[in-house]
Amino acid sequence: MTYTAVIVGGGIAGSLSAIALHKAGITSVVHEAYDRSADHVGAFLTLAVNALDALRALDLDLDGVGFDTPKITLTSGSGRKLGELPYGTAVSEGAKSRTVKRADLYRALRDEAVRRGVRIEYGKRLVEAETTGGRVLARFADGGTATGDLLIGADGLRSRTREIIDPHAPGARYAGLLNTGGYARGVSTGSEPGTMHAIFGKRCFFVYTVDPYGEVWWMAQPARADEPAPGELAAITPEEWRARLIDLFRHDRGPAVDLITATGEIFTGWNTYDLPTVPRWHRDRMIVIGDAAHATSSSIGQGAAMAIEDTVVLAKCLRDGPDVDSAFTTYERARRGRVERVVEQGKRTGEWKALGPLTRGVRDLVMGLAMKRMARTGDDPSGWIYDHHLDWDAPVIGRAVGGRP
Ligand SMILES: Cc1cc2nc3c(=O)[nH]c(=O)nc-3n(C[C@H](O)[C@H](O)[C@H](O)COP(=O)(O)OP(=O)(O)OC[C@H]3O[C@@H](n4cnc5c(N)ncnc54)[C@H](O)[C@@H]3O)c2cc1C
């Protein structure tokens, strides 16, 4: 079927939806709330092998962005190595995860969408949308409007589209962890570039990797049971973060304190959230995808991956379905089970990072044993996340589209 689509949000899911729809022969315009200068969001993320597999279905690779991250090591705060394994089992021979700066990723995806003929409009914040006569009308905060045969809400965790589809939709759930991080220069960690090192510290989780030029990219996730009030984290200065983090890691072995000390500007902190079950993903030719539908705790490193997979599956459903409604229904059948399972696993992983002194030792023991078993048997309990192949040409069928649910 040939449609025109209004896409709300020009992040990962929005830009890639436009690319996927274009490949399916569907015209779309992306409407992004911020202007271009909002690109410079500081942090980085790792796209696991399933994310890269989904990108390949759209004829995309990220060779010019970030660097390969083939391996992850796990260590306790006392310096005991708990294990080392491939960063996501490979869906195809030689596949490797890739770590990218968020701003570079957004820019690359938007540039690619534009190169393929997609129009992106900036400064367009969705405020309302309604369906009349089989068309969707979207209204933006600047007074502008847009119409299409369907509307895709790729507007992230605080999605306005989600509220429009269902005013009773749940909001984001605080996951008990804060985040900050930075980029350190001039510290020799002895690590080979591209290996991700996760340290389950005595008081805080820390992760770092060295880029091919010797810069060390790191993040810390201090546990905090109650959700900080709006504005509280933004008010913490980089120097206050530095002092707090050095205090949190001073009893741990590993390079955390040196890296924090050698970092120019530590990121403004932010909370971790997820969104376990949004009962209504679509209504009247409007649908939510990506974080807007199923945000995943950053602890599992799969939020962007799930958003990317969504765009491929939705475009296939629209390409193959007889109408928008049945395409949305097929899409939900294909995606809900998988994404909710990932959100649940992300929650459990996050809880492991926030344990107190009594349970920490048990965690390290269990993790060490699990790593040994995986190394011995090659059986990764998280394999179902990574071994997920999306085939652009395969028809959309049943509950699993081109891969395991
Ligand atoms: C600390 C941290 C680390 C992470 N690490 C990883 C990782 O290693 N691997 C991984 O796969 N995932 C990771 N994630 C998750 C990942 O960043 C998200 O899942 C992903 O960005 C979701 O993409 P999205 O396009 O759905 O939403 P977003 O990327 O948030 O994009 C939403 C877009 O919509 C726009 N928008 C919002 N409201 C409106 C509106 N009303 N009108 C118009 N536009 C609007 C926003 O400006 C934004 O550009 C991490 C997340 C965090 C917070």
Side-chain angles (χ1 to χ4, degrees), residues 6-18 30-36 38-39 41-52 54-55 66 69 72 87-88 97-103 105-107 109-110 120-129 138-142 144 146 151-164 172 175 177-181 196 198 205 207 209 217 219-221 267-275 288-311 339 342-343 346 350 385-386:
V6 175
I7 297 177
V8 178
I12 295 168
S15 305
L16 280 169
S17 259
V30 175
H31 300 81
E32 165 57 41
Y34 290 98
D35 70 15
R36 283 160 191 279
D39 274 352
V41 275
F44 62 91
L45 55 85
T46 299
L47 294 173
V49 289
N50 54 309
L52 301 177
L55 287 176
T69 316
I72 183 164
Y87 200 147
S97 298
R98 204 161 174 87
T99 300
V100 295
K101 288 190 178 166
R102 186 180 289 265
L105 176 64
Y106 280 39
R107 198 173 305 115
L109 297 181
R110 287 176 186 172
I120 303 181
E121 297 202 353
Y122 293 91
K124 294 286 177 189
R125 177 170 294 279
L126 181 81
V127 285
E128 273 312 330
R139 297 181 195 282
F140 301 100
D142 67 353
L151 182 147
I152 299 174
D155 45 352
L157 185 71
R158 310 277 176 203
S159 169
R160 175 66 188 134
T161 313
R162 187 173 68 233
E163 291 171 350
I164 293 170
L177 292 170
L178 313 181
N179 301 268
T180 185
M196 190 66 72
F205 177 78
V207 65
T209 184
W217 302 16
M219 298 235 279
Q221 288 191 303
F267 305 151
T268 304
W270 63 96
N271 298 335
T272 305
Y273 292 101
D274 69 6
L275 196 57
V288 277
I289 63 169
D291 273 12
H294 49 68
T296 306
S297 160
S298 54
S299 291
I300 194 176
Q302 278 288 325
M306 290 302 110
I308 296 169
E309 290 181 7
D310 284 355
T311 67
V339 297
V342 169
V343 174
I385 297 177
Y386 305 111

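Residue numbers run from 1 in the order of the sequence given. One-based numbering, in listed order, for ligands and for the atoms of each.
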ask   = In ligand 1, which numbered atoms sit nearer than 4.0 Å to a non-hydrogen atom of Leu45?
value = 5 (N), 6 (C), 7 (C), 8 (O), 17 (O)
query = Relative to the heavy atoms of Lys124, which atoms of ligand 1 are at a distance of less than 4.0 Å?
reply = 42 (N), 43 (C)
key: Nitrogen or oxygen atoms of Met219 and ligand 1 under 3.5 Å apart   = no
note = Counting heavy atoms under 4.0 Å, the part of Leu126 that contacts ligand 1 is both
ask   = Taking only heavy atoms of Val8, which atoms of ligand 1 are found under 4.0 Å from at least one of them?
value = 42 (N), 43 (C)
Distance-only side-chain donor-acceptor flag, Thr69 / Thr99, under 3.5 Å = yes
Qualifying residues under side-chain hydrogen bond (donor to acceptor under 3.5 Å, both in side chains), relative to Arg98, sequence neighbours excluded = Asp68
ask   = Any nitrogen or oxygen of Glu32, main chain or side chain, under 3.5 Å from a nitrogen or oxygen of ligand 1?
value = yes
remark   = Sequence neighbours excluded, the answer for side-chain hydrogen bond (donor to acceptor under 3.5 Å, both in side chains) partners of Gln302 is Asn50
Where ligand 1 meets Ala154 - atom numbers and elements under 4.0 angstrom, heavy-atom basis = 32 (C), 33 (C), 34 (O)
task = State whether the shortest distance between N or O atoms of Gly301 and N or O atoms of ligand 1 falls below 3.5 angstrom.
result = yes
ask   = N/O of Ser298 under 3.5 Å from N/O of ligand 1, yes or no?
value = no
query = Is Trp270 near ligand 1, meaning one of its heavy atoms is under 4.0 Å from it?
reply = yes
Ligand 1 to Arg102 polar contact by distance, N or O atoms, under 3.5 Å = yes
query = Rounded to the nearest 0.5 Å, what separation is found between the CZ atom of Arg162 and the CD1 atom of Ile289?
reply = 13.5 Å
query = Counting heavy atoms only, which part of Tyr106 comes closer than 4.0 Å to ligand 1: side chain, backbone, both or neither?
reply = side chain
note = min-distance protein heavy atom vs atom 26 (O) of ligand 1 -> Asp291 N, 2.9 Å
Heavy atom of Ala305, distance to ligand 1 below 4.0 Å = yes
ask   = Which heavy atom of the protein is the closest neighbour of atom 39 (C) of ligand 1, given with residue, atom name and distance?
value = Asp155 CB, 3.6 Å
Element-labelled atoms of ligand 1 that are located less than 4.0 Å from some non-hydrogen atom of His31 = 43 (C), 44 (N)
inquiry  = Any nitrogen or oxygen of Ala307 lying under 3.5 Å from a nitrogen or oxygen in ligand 1? Just yes or no.
reply    = no
request  = Indicate, as side chain, backbone, both or neither, the part of Arg158 found under 4.0 angstrom from ligand 1 when only non-hydrogen atoms are considered.
outcome  = neither
ask   = What atoms of ligand 1 come within less than 4.0 Å of a heavy atom belonging to Gly11?
value = 25 (O), 31 (O), 33 (C), 49 (O)
query = Can you find an N/O atom of Ala13 closer than 3.5 Å to an N/O atom of ligand 1?
reply = yes
Those atoms of ligand 1 less than 4.0 Å from some heavy atom in Ile12 = 20 (C), 21 (O), 23 (O), 25 (O), 29 (O)
Numbered atoms and elements of ligand 1 in range of Gly290, under 4.0 angstrom, heavy atoms = 26 (O)
task = Could you walk me through whether Asp142 and Arg125 pass the salt bridge (Lys or Arg N to Asp or Glu O under 4.0 Å) test, one step at a time?
result = CA-CA 7 Å; Asp142 67 353; Arg125 177 170 294 279; over 6 Å; no
task = Look only at interatomic distance and state if Leu157 has a nitrogen or oxygen under 3.5 Å from any nitrogen or oxygen of ligand 1.
result = no
ask   = Hey, what do you get for OG1 (Thr46) to CD1 (Ile72), rounding to the nearest 0.5 Å?
value = 8.0 Å
inquiry  = Can you report which non-hydrogen protein atom sits closest to atom 16 (C) of ligand 1, along with the distance?
reply    = Ala304 N, 3.6 Å
